[in-house]
Visitor: 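Here it is, the structure in full.
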Amino acid sequence: MTLQIYNSLSRAKETFVPLHPGRVTMYVCGPTVYDDAHLGHGKTYVNFDIVVRYLRYLGYDVLYVQNITDVGHLLDSGQDRMLKGAQREHVHPMQLAEEYTYRYFRDMDRLNVGRPSISPRASGHIPEMIAWVQQLLASGHAYEVNGSVYFDVRSFEGYGKLSGRRTDEAMSGTRVQVLDEKRDAADFALWKRADPEHIMRWPSPWGEGFPGWHIECTVMATKYLGQPFDIHGGGLDNKFPHHECEIAQAEAATGHPFARYWLHNGMLMISGEEMHKSAGNFVTLAQALDEWEPLVIRTFILQGHYRNPLDLTHEALLAAQKGWGRLMDVVRLVRHRLPTAPAGDVSSDLAARLEEARRAFEASMDDDLNSAGALAAMFDLTRDVNTLLNASAPLSQTDLQAIDALYGRLLGDVLGIMPATLEVEAHVGLSDGLIRLLVDTRSSLRQARQWAAADAIRDGLQALGVQLKDGPDGTTWTVQ
RNA sequence: GGCGACGUAGCCAAGUGGCAAGGCAGAGGUCUGCAAAACCUUCACCAUCGGUUCGAAUCCGAUCGUCGCCUCCA
């Protein structure tokens, strides 16, 4: 069984074979840190986190680079997003970058998204970008006008191979105001002259200015990963023009291919519409993570396929919450039984069932990272494990350990939706002791058939977010 | 206008030629002192119309609808 991934460049699923055996080099376009991350960022970076995690599960040594854009990403108005954000908050642009970079990682940490191996900042790579632009000028793929440098799209015949777009089409009816100084409307900026009020500026051979948006990814990806490198990921909305431009700059300058596999993930929708500030359906990740258990949001994202758009509704999140709870409950119960379970070997039936689940999980993941199918395999397993846990013959300690280990590996390490410790284990200390005391008291009351008092304790704890579940081997509880 | 994606149960969502995964909700049942949880059973004319094929949700064409991109986007 081998990993197949859909390559946007070939528009087909391909068997994934890294350039160097055992090693994978991967780049994903990171955020522009001028504002809080929103739910859409959550989907994108969870989607690519899964790619990294699964590659590591398969045994690859993954070098994962994700940039931080802190310069050169312009608004419609031509204003730099960073400068606009800095004005809004009355801070220096680099202060803004620092603050939102911090918040970005804070939110991603909560979503259990693994940190990239390297998080290079655009503003820290200006000399490399200038060198790259010089190389493009020297090879005739770029031209300078009034202190700005543009990429000559007509000089690179491969332009459009990723997005399937020709340069001479669709120029009417767009929002572009064509700059007079460009030779062709499709040409894009590599370096821009800074107006006097533009405070993010660096000296260059063409005067003071700042880099174009696309150049940073080309430069930083190749600097840390080489050229070509294995995987380039990003949101579908960046396929054109951003990724198309990255390819043009990279391949025109060096003559080598840029990225070998291009992965694009589908956009997050809110009740049927793409999230936009202007649409009034903008939800920051921090808000969502306060309202919902972060791993529930993650589970919701993983119940769809990364390449498809995903429609977020309150109902859908509730469904994910219930489903996630089921998965966590079975692990909780397994761990609860563990200390008192009889010794013994793993039963062959159980071993076979666990192996079947692992195979089904891998088969789905191997098929273009189908996390929804992988989750389905775990739900199927969960039903059977619950049946075994309900059966009169108790599972042995080794049985329970084997189950726990598989969930930890697949739901914990690969999908990242299981915390290392579940609530019951996490709440050691006074509150845990108090709950235990109440539960024990209630057990005594139940033995004395004092139902009303026993139910009062159960209802009272329920109101505090502690749910009791009576089972044949005692009472377990979960904390909301 | 150009390019592209999608339309699967009440909701979310896999599945891209061989009897339609999974989660949630609903109905009935088992278990329980009562619950909860769990388990069992049940719940789909795959947008429409044509075509190709022994066989189509899946391939082709048309229609309707939704959405995205077209130099701001994760």
Visitor: Under 4.0 Å, counting only non-hydrogen atoms across every strand here, what does A:Arg449 touch: a base, just sugar-phosphate, or nothing?
Guide: nothing
Visitor: B:A25 phosphate, OP1 or OP2: any side-chain N/O from A:Lys322 under 4.0 angstrom?
Guide: yes
Visitor: Please determine whether a side-chain nitrogen or oxygen atom of A:Arg326 lies at a distance below 4.0 Å from atom OP1 or OP2 of B:G23.
Guide: yes
Visitor: Could you tell me if the side chain of A:Arg353 sits less than 4.5 Å from the side chain of A:Asp380, heavy atoms only?
Guide: yes
Visitor: At under 4.0 Å between heavy atoms, what does A:Leu317 touch on the DNA or RNA strands: base, sugar-phosphate, or nothing?
Guide: nothing
Visitor: Using ring-ring contact (aromatic ring centres under 6.0 Å, His included) as the criterion, point out the one residue from A:Phe229, A:Phe156, A:Tyr27 that pairs with A:Phe258.
Guide: A:Phe229
Visitor: Please work out if A:His38 contacts a base, only the sugar-phosphate, or nothing of the nucleic acid, heavy-atom cut-off 4.0 Å.
Guide: base
Visitor: Rounding to the closest angstrom, what is the interatomic distance between B:C69 and B:A62 at atom P?
Guide: 25 Å
Visitor: On RNA chain B, does the nearest nucleotide to A:Ser163 precede the nearest nucleotide to A:Leu268 from the 5' side, or the other way round? Give the residue.
Guide: A:Ser163
Visitor: So, does A:Asn308 get its side chain near the phosphate of B:A13, meaning an N or O under 4.0 Å from OP1 or OP2?
Guide: no
Visitor: What integer number of Å spans the C1' atoms of B:A35 and B:A47?
Guide: 44 Å
Visitor: Is A:Leu74 touching bases, backbone alone, or none of the nucleic acid, heavy atoms closer than 4.0 Å?
Guide: sugar-phosphate
Visitor: Answer with base, sugar-phosphate or nothing: what part of the nucleic acid does A:Gly304 contact at a heavy-atom distance below 4.0 Å?
Guide: sugar-phosphate
